[in-house]
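Data block below; observations after.
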Amino acid sequence: MRLKITLLPGDGIGPEVTHEATRVLNTVAENYGHEFIFDERAVGGAAIKEAGTPLPHATMDACFAADAILLGAVGSPELDELPPAMRPEAGLLTLRKALGGFANLRPVQCFDSISDCSPLRPTVVRGANILVVRELLGGLYFGEPRGRIRADNVHAAYNTMRYTEAEIERVARLAFTAAGERRGKVASVDKANVLETSQLWRETVTRVGRDYPAVTLEHLYVDACAMHLMTTPRRFDVLLTENLFGDILSDEAAVITGSLGMLASATVGGTVDLYEPVHGSAPDIAGTNSANPLGAILSAAMLLRHTAQLEQEARDIEEAVSAVLDAGHRTPDIAGNTATANTTTSRLGSLVADALAEIADRCHAYHAV
Ligand code: IPM
Ligand code: MG
């Protein structure tokens, strides 16, 4: 298999974690006989500094020319004062919109060996395995009109929460299909007791759900959902949500895994799929070789699974990550208490790559018998 992957390391810890993800992809290429061609481009703050814009044309062109895109993170505090359209985040949002990927998949899985890293009790989080399906192109993030006004001495700002039935339907179908391949449950999140968009959301999801009789559907208000995620995370299989609710709930759900650094994501349904860890640019630890690269590495596994249908390779990366965690390797965010952190970003990446090479070797030996 030959894959062209556009790399967008971005800002903060983005370049460090992306480097480890490509190390693991290179190990896949060598051990499973694939060819991955990387094309690295600037995005976010890095692109503002280099080209004066958060999403240069050359970056956009490289993205559209690729089979998949792997992004690190965007955001730099020193650029926070720029007007909204010029901020690093605008680069990512414009890219998402241009690509057209409307479903953002965020698996939230508690790895047994680090279940004590969560501030929640291990008995609560152990075995939790949720797929957050976040609608990514609608709602408050993109709704028009939006803006700020100053009139008659009143300074105000407004955004529009808007969804069409078609936008809800396409992401709902994807969530039901995913649930059918998992444990057969969809929990749909809304605020239908207050918002019209949520009422349309609930009606549409209910109607679409009738086409998937094997999947059980429940509706939850977003506030109650936020609580249930912390008290009974195991009750969830697929969590279907609109854009802003999904942004918030996925960071909250990360607490179940012990660290935001563990979460991977895939944005699918558009022209080219986009993969990125859920954590941000973490400027406070950028350049210290202490960021957790597992979210980026697990995003690379998702890339192989969804874009390239390389299910075995994706599983083997996940198994390598488990093995390295089982062996006790910890960056500070998954150390429980930072005094027991015993590894760096680059070391953890190498350990996963080594574990993967060993798994691949074992499989080949097995096939040779
Ligand atoms: C995420 C991030 C982004 C979002 C930011 C960086 C624009 O928080 O992917 O969750 O809000 O979608
Ligand atoms: Mg977020």
Side-chain angles (χ1 to χ4, degrees), residues 8-15 17-18 21 42-48 53-55 59 63 69-80 82-108 130-143 146 159 161 163 167 171 189 222 225-226 229 239-257 259-270 273-284 286 291-292 295-296 298-299 302-303 333:
L8 307 178
D11 305 323
I13 60 172
V17 298
T18 310
V43 74
I48 294 174
T53 158
L55 187 65
T59 299
C63 288
I69 304 157
L70 184 61
L71 182 139
V74 296
S76 345
E78 76 270 21
L79 300 173
D80 278 355
L82 289 173
M86 283 305 298
R87 289 178 51 145
E89 287 81 358
L92 177 57
L93 296 175
T94 309
L95 179 63
R96 284 177 181 168
K97 189 86 185 173
L99 293 169
F102 57 85
N104 182 225
L105 314 179
R106 301 187 160 183
V108 177
I130 305 169
L131 178 66
V132 177
V133 178
R134 170 187 176 194
E135 198 292 324
L136 204 61
L137 295 184
L140 285 165
Y141 274 64
F142 296 100
R146 63 189 294 161
N159 292 90
M161 172 101 112
Y163 270 104
E167 284 171 326
V171 73
V189 178
V222 62
C225 177
L229 268 176
L239 193 70
L240 168 63
T241 153
E242 69 87 43
N243 203 348
L244 181 65
F245 295 163
D247 179 46
I248 299 167
L249 293 176
S250 56
D251 270 29
E252 189 202 16
V255 170
I256 297 163
T257 70
S259 169
L260 189 53
M262 295 299 300
L263 255 59
S265 88
T267 300
V268 300
D273 297 335
L274 169 67
Y275 299 86
E276 48 179 317
V278 176
H279 63 68
S281 56
D284 51 324
N292 183 345
L298 292 168
S299 298
M302 292 187 85
L303 185 160
D333 60 307

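Order of listing sets the numbers, starting from 1, for every ligand and every atom in it.
Side-chain N or O atoms of T94 include one that pairs as donor or acceptor with a backbone N or O of A90 at under 3.5 Å.
Residue, atom and distance of the protein heavy atom nearest to atom 8 (O) of ligand 1 are D247 OD1, 3.2 Å. When only non-hydrogen protein atoms are considered, atom 4 (C) of ligand 1 lies nearest to Y141 OH, 3.4 Å.
Residue-level proximity to ligand 1 for R134 is carried by the side chain, the only part with a heavy atom below 4.0 angstrom.
Distances from atom 6 (C) of ligand 1 to the heavy atoms of R87, R96, R106, E89 put E89 nearest.
Scanning both residues, A286 and I13, for their nearest heavy atoms gives CA-CG2, 3.8 Å.
Contact of the L260 side chain with the D251 side chain is registered, since non-hydrogen atoms from C-beta on lie closer than 4.5 Å. Considering only heavy atoms from C-beta on, E135 stays 4.5 Å or farther from T241 through its side chain. Between C63 and L8 the shortest side-chain heavy-atom distance falls below 4.5 Å. In this structure, R87 and L79 have side chains that are not in contact, with every pair of non-hydrogen atoms separated by 4.5 Å or more.
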Which donor-acceptor pairs under 3.5 Å do the side chains of residues 276-283 make with protein atoms, sequence neighbours left out?
unit_1	atom_1	unit_2	atom_2	d
E276	OE2	R96	NH2	3.4
S281	OG	G75	O	2.7

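Counting only distances under 2.8 Å, and ignoring water, the protein N, O or S atoms around the Mg ion (ligand 2) are D247 OD1.
For the atom pair I130 CD1 and S250 OG, the distance stands at 11.0 Å (nearest 0.5 Å).
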